[in-house]
Protein chains: 2
Amino acid sequence: MAANSRLTIAAHALAWLALAHRRGEGVLTSEQVAASVKSNAVVIRRSLGELRRAGLVEVRHGAGAGWSLARAPEGISLLEVHDAVDGRPPFALHHSEPNLECPVGRGIRPALSGVYGRVEQAMRRELAAVTIADVLRDVLRE
Amino acid sequence: MAANSRLTIAAHALAWLALAHRRGEGVLTSEQVAASVKSNAVVIRRSLGELRRAGLVEVRHGAGAGWSLARAPEGISLLEVHDAVDGRPPFALHHSEPNLECPVGRGIRPALSGVYGRVEQAMRRELAAVTIADVLRDVLRE
DNA sequence: CCTAGTCGCAACAGCTTCTGTTACAACCAC
DNA sequence: GTGGTTGTAACAGAAGCTGTTGCGACTAGG
């Protein structure tokens, strides 16, 4: 159960909010989102809470409360969603510093950092090119 | 301690093997590699064992045993190394199947699969463009 | 043949992360 | 007020990664 499904959960919730808004259904509760994702309402609140801190969704408290998009779905990229819910880079360097008396140990970290940076930028470019509106369009094309 | 340093460990070991070969030092033991990575010999053997199954390194048993590259470092890309030691995709879909009675639940998985596939391909292109020889050159440029 | 040095592998502990769950305080429309 | 909802803390269970120990298998050299 290690894999990284946070972006999947968040994108699912946002697409659902976008569809509800388009249908004029107003806000959705975390229970309603959880029913579509087949997960737990607290888990959904955790994810939507991170999206709220990033300014992507809005929440209303109290009775008749619930969640809605803070912006048009065309203006929310998967890159923003990813950054909001999962800041981890795809690759990590050594956990403990390598042996600096070895020439490889001295130079390996900057060398790999360069490669890893390029990989991450490539990833971010692809995520930036897709919006929640794109996802919702694909979702409904069945 | 969750992050993914397997590619880092493997690339470090391979660069070290490439440098030893260039210096005419013959094979390296897992203890010697572990001393440079500052890790445990068994951990290194685990990593090099996966590289051996992928055909990237060779091992000699018995006394005077050790590891060496199976190919020229110019012919080993980081993509092959990555595939050998870490087959996990960067993103996962839902752990449990979403609610198929919801239009979003029905269409979300194929929609995200497409995006995730493009992200992974972009990542793989960057990794394929770098060889162990490139890494070693960068390492020694300090 | 025997020995010493090395790999292969299984088993385990400690740590971290993720998901899911329960419980309860805070909040607000009515 | 009341009822429905969010915010958050606390916890359990599962999984993965690193590090460690132990032992069998293998082989160069004497």
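Below, chain A is the first sequence line, B the second, and so on; all start at residue 1.
Both B:S96 and B:G64 lie near DNA chain C, and the one whose nearest nucleotide falls closer to the 5' end is B:G64.
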Quiz prompt | Nucleic acid footprint by protein, nucleotides 20-27 of chain D - heavy-atom cut-off 4.0 Å, B for base, S for sugar-phosphate alone | solution = BB----BB
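At whole-Å resolution of the value, NZ in B:K38 and P in D:dG19 are 12 Å apart. Taking atom NE2 of residue A:H95 and atom P of nucleotide C:dT17, one finds them 10 Å apart after rounding to whole Å. Put simply, CG on A:L48 is 13 Å from C1' on D:dT5, counting in whole angstrom units. Taking atom CH2 on A:W67 and atom C1' on D:dG7, their separation rounds to 9 Å, with Å as the unit. Taking atom CZ of residue B:R53 and atom C1' of nucleotide C:dC7, one finds them 12 Å apart after rounding to whole Å. Across the protein-nucleic acid pair, A:R6 atom CZ and C:dG20 atom C1' stand 14 Å apart, rounded to whole Å. Protein atom CD of B:E31 is 13 Å distant from nucleotide atom C1' of D:dG19, rounded to whole Å. Straight-line distance from the CG atom of A:N4 to the P atom of C:dT16: 19 Å, rounded to whole Å.
Taking the C1' atoms of five terminal pairs at each end of the helix from C:dC1-D:dG30 to C:dC30-D:dG1, the two resulting helix axes are inclined by 20°, rounded to 10°.
With respect to the salt-bridge test (charged N to carboxylate O, under 4.0 angstrom), the residues B:R71 and B:E80 qualify. Ion pair B:E101/B:R106 not flagged as a salt bridge, since none of the NZ, NE, NH1 or NH2 atoms sits closer than 4.0 Å to an Asp/Glu carboxylate oxygen.
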Sequence neighbours excluded and cut-off under 3.5 Å, please list the side-chain donor-acceptor pairs for residues 55-64 of chain A, or say none.
from, atom 1, to, atom 2, distance (Å)
A:R60, NH2, A:G64, O, 2.9

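For B:R52, no side-chain nitrogen or oxygen approaches OP1 or OP2 of C:dC7 to under 4.0 Å. Under 4.0 angstrom from either OP1 or OP2 of C:dT6 there lies no side-chain N or O belonging to B:T29. An OP1 or OP2 oxygen of D:dT18 is reached within less than 4.0 angstrom by a side-chain nitrogen or oxygen of B:S5.
In this pair, B:F91 and B:Y116 present their aromatic rings tilted. The plane angle is within the 30 to 60° band.
No hydrogens or angles considered: nothing links the side chains of B:S5 and A:H94 as a donor-acceptor pair under 3.5 Å. Neither side chain, A:H21 nor A:S68, offers a donor N or O lying under 3.5 Å from an acceptor on the other.
Judged purely by atom type and a 3.5 angstrom limit, A:T8 uses its side chain to pair as donor or acceptor with the backbone of B:A92.
In this structure, the separation between CG on B:L112 and CG on A:D138 is 9.0 Å, given to the nearest 0.5 Å. Between the CG atom in A:N99 and the OG atom in B:S39 there is a gap of 12.5 Å [rounded to 0.5 Å].
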